[in-house]
Amino acid sequence: MTSEPYDLAVTGAGIVGLAHALAGLRQGLRVVVIDRDARAAGASVRNFGFVTVTGQQEGLVWRRAMRSRDVWALIAPEAGINVHQRGLLMVARRPAAMDVLADFAAGPMGRDCQLLDQAALRAVAPMLDPGLLGALRSPHELRVESRDAIPQLTAWLQSQGVTFLSRTAVRAVEPGAVHTATGAVRARHIVVCPGTDLVSLFPEVMARRGVTLCKLHMLRLADPGVRFPAPLMSDLGLVRYLGYQGPRLGALEAQLRAEQAEHLAHCIHLIVVQHADGSLVVGDSHSYDPTPDPFQPRAIDDLMLDEFRLVTGQRDPEVIERWVGIYPSGPDVAFTETVADGVRLALVTSGTGASTAFAIGEETMADFLGHEPPPHAQGV
Ligand SMILES: Cc1cc2nc3c(=O)[nH]c(=O)nc-3n(C[C@H](O)[C@H](O)[C@H](O)COP(=O)(O)OP(=O)(O)OC[C@H]3O[C@@H](n4cnc5c(N)ncnc54)[C@H](O)[C@@H]3O)c2cc1C
């Protein structure tokens with residue numbers, strides 16, 4: 001094991017760890033990233049790769065998403081990462097959903113978004129179900145294929161001088177040193193980004209912050225033979241994403257409780273993203289447990305497919321892949337906590353890491369180096 005001192009040691013090579021490594025690199029630091037796995041296999045490669053801005057909680061989270069989207073856009077060409085889709089079509093199946101979208105469009109976060117009525121939506125997306133009432137069209141989002149993008153980002157960081165120690169479990173962290181199964185790594189600054197491991201490092205912080213785990217069902221569908229103009233979401237998403245809260249959300253919620261109680265019971269909302277080969281990633285459901293069971297009951301997948309049919313008008317979707325993903329979940333959307341001198345624990349506890357991690361990495365680095373908070377985090 002190397003005893004060479006680094007400026008920054010990062011535990012965890014998921015997007016949160018990589019984002020910190022990038023922020024450190026940009027500050028001219030010598031960076032090492034340590035992960036127990038041979039390659040990324042956690043939430044960061046199981047997700048939609050959907051860098052979502054519209055719908056994020058108003059304030060810091062929304063600004064983090066805007067900033068992270070910009071970093072993705074900058075880094076993607078350098079790292080050879082393809083951006084497969086841009087923007088978002090949040091479609092409405094119910095008048096109550098159109099009301100929520102209209103309120104959002106009229107508010108500050110809706111400034112660059114467009115409210116589409118039924119005819120306008122048909123012009124933009126003629127392949128969708130003709131019964132849809134309209135949509136909010138957001139220009140902000142971008143979408144990468146995470147199972148390609150995370151290894152590409154890792155390889156690019158490596159090419160820029162970041163050291164990666166894989167198949168190396170971190171057993172303990174103290175100021176100035178990360179203790180691994182094969183020896184100590186010394187570093188002035190240390191960030192621990194352990195994703196779903198809530199018990200190995202700083203379990204008392206995880207417990208105090210009420211962190212548990214959330215399991216999600218995901219599907220890949222065969223190319224339906226049409227190209228959607230943007231990632232799609234629907235009415236169910238309006239009640240899950242905090243950014244849509246407003247005076248008329250309650251009416252939609254009540255209607256959904258009456259009409260789609262089973263979907264709500266499994267915390268299902270629809271996200272549909274499309275790959276360059278035409279295949280679709282469709283999800284997702286949410287269930288909460290510190291030790292999620294490993295199973296993927298088909299009944300829950302079928303509920304997701306029901307909503308997919310109602311939105312896309314695709315009657316016969318062919319499922320070609322199924323998987324579950326797990327992310328940490330808690331009352332904070334995300335947190336970074338000083339756990340010892342020069343040591344920070346960074347966790348995204350809301351399933352928004354692909355959308356916000358780059359901004360969080362910049363905040364941690366500014367804090368370490370005694371700089372002003374980055375512009376997106378000022379005034380907080
Ligand atoms: C199905 C699904 C869909 C999602 N969709 C989206 C989306 O569309 N948009 C979005 O913004 N977010 C989405 N998310 C959330 C996002 O994927 C997560 O917030 C993000 O990936 C978390 O990144 P991470 O680096 O914390 O975790 P991970 O990717 O899980 O990485 C953690 C890493 O830490 C390593 N590690 C842990 N403990 C140790 C240790 N002691 N020693 C060494 N290594 C260790 C693990 O091996 C792992 O590689 C989704 C999540 C899931 C599961």
Side-chain angles (χ1 to χ4, degrees), residues 9-21 33-53 55-56 61 64-65 68-69 72 85 88 141-147 149-150 153-154 164-173 178-182 185 191-203 206 211 213-220 231 233 237 241 269 271-273 281-286 292 296 304 322-329 333-336 345-361:
V10 180
T11 297
I15 188 62
V16 178
L18 297 180
H20 281 84
V33 180
I34 307 164
D35 201 291
R36 63 186 171 201
D37 284 337
R39 72 191 72 82
S44 302
V45 292
R46 298 180 190 211
N47 63 26
F48 295 93
F50 188 29
V51 180
T52 316
V53 175
Q56 300 290 2
V61 182
R64 279 178 173 163
S68 299
R69 187 278 318 264
W72 273 110
Q85 284 180 295
L88 159 71
E141 289 66 23
L142 58 81
R143 194 259 157 183
V144 299
E145 180 74 27
S146 292
R147 59 180 77 176
I150 295 297
L153 180 56
T154 303
F164 280 83
L165 303 178
S166 60
R167 301 181 68 190
T168 305
V170 172
R171 291 178 167 169
V173 175
V178 175
H179 296 282
T180 76
T182 49
V185 176
V191 190
V192 178
C193 312
T196 53
D197 187 334
L198 310 182
V199 294
S200 300
L201 300 167
F202 310 107
M206 305 291 194
V211 183
L213 296 179
C214 176
K215 180 183 102 173
L216 299 83
H217 285 209
M218 300 285 284
L219 307 172
R220 187 178 289 271
M233 297 176 74
Y241 275 70
H269 70 148
I271 300 181
V272 181
V273 296
V281 177
V282 173
D284 50 12
S285 60
H286 301 77
Q296 184 162 2
M304 303 191 319
R322 296 174 197 261
W323 67 99
V324 295
I326 300 175
Y327 63 66
S329 172
V333 172
F335 68 85
T336 305
L345 174 63
L347 210 66
V348 175
T349 44
S350 57
T352 56
S355 308
T356 58
F358 284 130
I360 294 170

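Read the numbers this way: they start at 1 and go in the same order the structure lists the ligands and their atoms. Side chains included, hydrogens not; waters and symmetry mates left out as well; all remaining heavy atoms used.
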Exercise. Can you find an N/O atom of Ile15 closer than 3.5 Å to an N/O atom of ligand 1?
Worked result: yes
Problem set entry | Close side-chain approach of Leu18 and Thr154, heavy atoms under 4.5 Å | yes
Exercise. Who's the nearest protein heavy-atom neighbour of atom 21 (O) of ligand 1, and how far?
Worked result: Ser44 OG, 2.8 Å
Seminar exercise, completed: Note: ligand 1 atoms sitting under 4.0 Å from heavy atoms of Asp37 are 47 (O)
Exercise. What pairs with Gln85 under side-chain hydrogen bond (donor to acceptor under 3.5 Å, both in side chains), at least two apart in sequence or on another chain?
Worked result: none
Exercise. Ligand 1 versus Thr168, non-hydrogen atoms closer than 4.0 Å: side chain, backbone, both, neither?
Worked result: backbone
Exercise. Which protein non-hydrogen atom lies closest to atom 27 (O) of ligand 1, naming both residue and atom, and how far is it?
Worked result: Gly195 CA, 3.7 Å
Exercise. Which of the numbered atoms in ligand 1 are below 4.0 angstrom from a heavy atom of Ile326?
Worked result: 53 (C)
Exercise. Atom 19 (O) of ligand 1: which protein heavy atom is closest, and how many Å away?
Worked result: Gly353 N, 2.9 Å
Exercise. Given that the side chain starts at C-beta and the backbone is N, CA, C, O, which of these parts of Leu347 lies under 4.0 Å from ligand 1, counting heavy atoms, or is it both or neither?
Worked result: neither
Problem set entry | Proximal atoms of ligand 1 relative to Phe50 (non-hydrogen, under 4.0 Å) | 7 (C), 8 (O), 9 (N), 10 (C), 11 (O)
Problem set entry | Nearest heavy-atom neighbours spanning Ala21 and Val10 | N-CG2, 4.3 Å
Problem set entry | Shortest heavy-atom approach to atom 36 (N) of ligand 1 - which of Arg36, Gln56, Arg167 | Arg36
Seminar exercise, completed: Between Ala65 and Thr52 the two heavy atoms that sit nearest each other are CB-O, 3.5 Å
Exercise. For Ala40, is the nearest heavy atom under 4.0 Å from an atom of ligand 1?
Worked result: no
For this session: If you have a sec, work out which protein heavy atom is nearest atom 30 (O) of ligand 1 and how many Å separate them, to one decimal?
Result: Ala43 N, 3.3 Å
Problem set entry | atom 6 (C) of ligand 1 [closest protein heavy-atom partner, distance rounded to 0.1 Å] | Asn47 CB, 3.6 Å
For this session: Please say whether Gly42 places an N or O atom under 3.5 Å from an N or O atom belonging to ligand 1.
Result: no
For this session: Below 4.0 angstrom from a heavy atom of Gly12, which ligand 1 atoms are there? Numbered from 1 as shown, please.
Result: 33 (C), 34 (O), 35 (C)
Problem set entry | Closest non-hydrogen atom pair, Tyr241 against Gly55 | CB-O, 3.4 Å
Exercise. Going by the order shown, which atoms of ligand 1 are within less than 4.0 Å of some heavy atom of Cys193?
Worked result: 32 (C), 34 (O)
Exercise. Which protein heavy atom lies closest to atom 51 (C) of ligand 1, and at what distance to 0.1 Å?
Worked result: Tyr327 CD2, 3.5 Å
Seminar exercise, completed: Candidates Ile34, Val170, Val173; heavy atom nearest atom 40 (C) of ligand 1 found on Val170
For this session: Identify the heavy atoms of Ile360 and Ala334 that sit nearest to each other, and give their distance.
Result: CD1-CB, 4.0 Å
Exercise. For ligand 1, which part of Ser146 has a heavy atom less than 4.0 Å away: the side chain, the backbone, both, or neither?
Worked result: neither
For this session: Around atom 14 (N) of ligand 1, find the nearest protein heavy atom and jot down its residue, atom name and distance.
Result: Gly351 O, 3.5 Å
For this session: List the steps and the verdict of side-chain contact (heavy atoms from CB on, under 4.5 Å) for Val192 and Val170.
Result: CA-CA 9 Å; Val192 178; Val170 172; over 6 Å; no
Exercise. Does atom CZ of Arg322 have more than 12 heavy-atom neighbours from other groups under 6.0 Å away?
Worked result: yes
Problem set entry | Ligand-side contact atoms (ligand 1) for residue partner Gly325, heavy atom cut-off under 4.0 Å | 53 (C)
Exercise. Where is the nearest protein heavy atom to atom 37 (C) of ligand 1: which residue, which atom, and how far?
Worked result: Pro194 O, 3.2 Å
For this session: Any atoms of ligand 1 less than 4.0 Å from a non-hydrogen atom of Ser355? List them with their elements.
Result: 9 (N), 10 (C), 11 (O)
Seminar exercise, completed: In terms of heavy-atom contacts, Ile326 and Pro292 come closest through CD1-CG, 4.0 Å
For this session: Please work out which of the three classes, parallel, tilted or perpendicular, describes the rings of His286 and His269, given edges at 30° and 60°.
Result: tilted
For this session: Could you pull out the closest heavy-atom pair between Ala43 and Tyr327, with the gap in Å?
Result: CB-CB, 4.4 Å
For this session: Could you name the option among Ile150, Val178, Val16 that has the heavy atom nearest to atom 24 (P) of ligand 1?
Result: Val16
Exercise. Which pairs, with at least one residue in residues 35-45 and sequence neighbours excluded, count as a side chain to side chain donor-acceptor pair (under 3.5 Å)?
Worked result: Arg36-Asp197
For this session: Please assess Val281 against Trp323 for the test side-chain contact (heavy atoms from CB on, under 4.5 Å), listing each intermediate value before the final yes or no.
Result: CA-CA 11 Å; Val281 177; Trp323 67 99; 3.9 Å; yes
Problem set entry | Nearest-option assignment for atom 33 (C) of ligand 1, heavy atoms, candidates Asp35, Leu165, Asp197 | Asp35
Problem set entry | Enumerated ligand 1 atoms positioned under 4.0 Å from heavy atoms of Ala169 | 42 (N)
Problem set entry | side-chain contact (heavy atoms from CB on, under 4.5 Å) evaluation trace for Ile15 with Leu153 | CA-CA 9 Å; Ile15 188 62; Leu153 180 56; 4.0 Å; yes
For this session: Applying side-chain contact (heavy atoms from CB on, under 4.5 Å), run through Leu345 and Met206 and close with a yes or a no.
Result: CA-CA 10 Å; Leu345 174 63; Met206 305 291 194; 4.2 Å; yes
